[in-house]
Amino acid sequence: MPKLLSAYISCRKRKRNTINALKFEQNLEKNLVELQQKLINKTYCPSTSICFAVTKPKLREIFAADFTDRVVHHLLVKEIEDYFERRFIYHSYACRTKKGTHLAAKNLQRAILKVTRNQTQPAYFGQFDVKSFFTSIDKPILFNMLSQEIQKMKKQKLWQQEINYLLQTIIFHNPADNYKTKGNLNLFDRIPPHKSLFYADKTKGLPIGNLTSQFFANVYLNHLDQYIKHKLKVKFYLRYADDFVVLCQDKSQIYKWREQINFFLQEKLKLKLHPQKDKYGSVYQGIDFVGYFVKPDYMLCRKRIVNALKQKLYYFNQNENADPKIMIQTVNSYFGHFRQGDCFQLRQNIYHRRAQKLKKYAKPAPKYTHLTLR
C-alpha cells in the first residue's frame, strides 16, 4: 500500500482538481485497497480512455487514461525508472528529470562550439525525425526489451512477475477499443491514418500523453542511442523524443550516418526516418531544435512559439471578461521559455507593443524576466 499511495500522490500533482481525481479522492482508501487487490490478483484492466484531438503544437490524437490507470502508470514507472535511467545516454532529453528542452538547446549550442573549435572550423549538422513514431512502435519488441532488462535486475522472482504482468497489460492494451470522445470531433477527420491508433496495426502504437508511453519511448529509442554513440561512434549527437541532431566537420559523413541509422531502425526497431523531414546545413546557419533557433553565438525562440503568445495577448485585448491573473501566468510561462535564449528585446517589445490591456494590471520585473501584479 505505501507504494500505491506514493504513486497516487505523484499522480495527483497538477491533476487534483480534475473530475476523475476528485472522485478518486472522495473514497481514497477504498479505491486504493480495491486497486491493490486487483493488482495482487492480476485482474486489473485499464479503464475507458478519453480521446480528443489537439492542434498545437501540431494536429494529433490524444488518448487520456483514466485517473486510476494513471496511478498504475506512476506505480510502474517508479519501480523501474532508476534502473533504466542509468542505462540511458546523457544526451537524451525528453521526459527525464533535470533534462528537457532548455538543457537540450544549451547543450546543442555547446556541441556546436566544440565541433567548430570555437567557431574557427567549418562544421555541419544533420537533423532527422522518426516517421509516425508513437503509432509505429512495435509492442512485442518493446515488451521483450523491457522484460529482458527486468530479468537482469536483482529483484525477487515475484516482483519480476508482477512487473512483467503490468508491462504486458499496459503495453498491449489498445485504448482505441474502449474510449469516449470529447472536443471538436471534426478534427479527427484531419488526422492522417498513419498518425492514428484507430488505423494502426493491433501490434503497434502507444497512446500519446500517458506517462508510460513517454517512458517506453525512451526505452525503445535508447537502442538507437546506443547504436549511434557506440557503433557509429558519433561524438556529437542529441535527441529529444524522436527528433535528433548529429554534428560533424565532414558533411559526407552525415549522409552515410543517415543511411546506417535508417537501416538500423528498420531492421531492429521496425521504424524508419521520415524522408521529407531531413535537414542538413552548416551549423553557422542555425539549427531549429526543441523550440529554439540555435547558432554558435546566440539562441532565439522559434517564431511559432512567439506568434502563439502574440495571438493569446490579442484575444485577451479583445475580451472584456478575460482574467488578467491567468493572462499574467500565461505570459510568465512564455517569458520563462524566452529567458533561456537571447531574447531580452523580444520580451521588452511584447510587453510594450502587445500587452496594451495587460499593462493596467501588470508591470515588468527588472530586465523583463517576468510580470508582476501592480
Side-chain angles (χ1 to χ4, degrees), residues 57-58 81 84-130 214-215 217-218 221-222 224-226 228-229 232-249 254 257 277 279-309 330-350 365-370:
K58 58 184 176 182
E81 185 176 30
F84 283 95
E85 271 291 325
R86 294 193 295 270
R87 281 147 185 81
F88 293 159
I89 67 167
Y90 175 81
H91 290 293
S92 162
Y93 293 93
C95 306
R96 295 179 64 192
T97 304
K98 297 181 180 179
K99 292 296 177 75
T101 56
H102 297 161
L103 185 62
K106 287 180 179 178
N107 282 345
L108 174 58
Q109 190 174 53
R110 292 187 185 109
I112 291 172
L113 290 173
K114 287 180 181 178
V115 73
T116 61
R117 296 179 184 174
N118 263 347
Q119 304 183 67
T120 63
Q121 299 290 327
Y124 305 90
F125 74 90
Q127 187 172 8
F128 310 106
D129 184 277
V130 178
Q214 297 165 352
F215 175 71
N218 276 337
L221 288 183
N222 183 51
L224 173 66
D225 298 338
Q226 300 297 335
I228 291 175
K229 292 299 293 182
L232 298 184
K233 307 290 186 183
V234 179
K235 186 175 182 180
F236 301 106
Y237 163 74
L238 303 91
R239 178 177 65 80
Y240 189 94
D242 60 328
D243 183 10
F244 60 95
V245 177
V246 296
L247 309 177
C248 186
Q249 289 191 349
I254 294 176
W257 284 339
K277 290 192 177 181
K279 297 177 184 176
Y280 303 93
S282 165
V283 296
Y284 296 103
Q285 296 171 354
I287 305 172
D288 188 347
F289 186 58
V290 295
Y292 296 95
F293 189 69
V294 184
K295 282 196 170 188
D297 48 354
Y298 67 91
M299 190 162 64
L300 300 177
C301 290
R302 188 179 285 171
K303 286 183 179 180
R304 174 176 56 77
I305 297 172
V306 176
N307 288 337
L309 175 57
T330 300
V331 171
N332 285 342
S333 177
Y334 276 89
F335 275 22
H337 180 76
F338 296 163
R339 285 201 309 271
Q340 305 302 315
D342 300 293
C343 302
F344 167 76
Q345 212 166 25
L346 170 65
R347 300 193 302 272
Q348 189 179 45
N349 288 342
I350 283 177
K367 297 184 180 180
Y368 294 83
T369 55
H370 62 281

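Everything quoted here is computed from the prediction, not taken from an experiment.
- Below 30°, between 30° and 60°, or above 60°: for Phe244 and Phe128 the angle between ring planes is between 30° and 60°, a tilted geometry.
- With no hydrogens or angles considered, a side-chain donor-acceptor pair links Arg110 and Asn107 at under 3.5 Å.
- Gln340 places no side-chain N or O within 3.5 Å of a backbone atom of Met299 that could act as its donor or acceptor partner.
- For the pair Gln249 (side chain) and Val115 (backbone), a donor-acceptor distance under 3.5 Å is present.
- In the model, Asn218 has no side-chain atom that pairs as donor or acceptor with a side-chain atom of Gln214 under 3.5 Å.
- Smallest separation of non-hydrogen atoms from Asp242 and Leu221: CA-CD1, 4.0 Å.
- Remark: the backbone N or O of Ala94 is not paired with any side-chain donor or acceptor of Arg239 at under 3.5 angstrom.
- One distance of note links OH of Tyr368 with CG of Asn349; it measures 9.5 Å at 0.5 Å rounding.
- Across every non-hydrogen atom of Cys248 and Ile254, the tightest pair is CB-CG1, 3.9 Å.
- The aromatic rings of Tyr334 and Phe338 lie tilted to each other, with the angle between the two planes from 30° to 60°.
- Residues Thr369 and Arg339 share a closest heavy-atom pair of O-NH1, 2.6 Å.
- You'll find the side chain of Arg87 stays beyond 4.5 Å of the side chain of Gln226, heavy atoms only.
- For Phe215 and Phe84, the gap between ring centers is short of 6.0 Å.
- Looking at Gln109, its side chain does come within 3.5 Å of a backbone N or O of Lys295 through a donor-acceptor pair.
- Here the side chain of Thr120 pairs a donor or acceptor atom with the backbone of Arg117 at under 3.5 angstrom.
- Side-chain atoms of Ile228 and Ile89, non-hydrogen and from C-beta on, never get closer than 4.5 Å to each other.
- Two rings, from His337 and Phe335, have their centers 6.0 Å or more apart.
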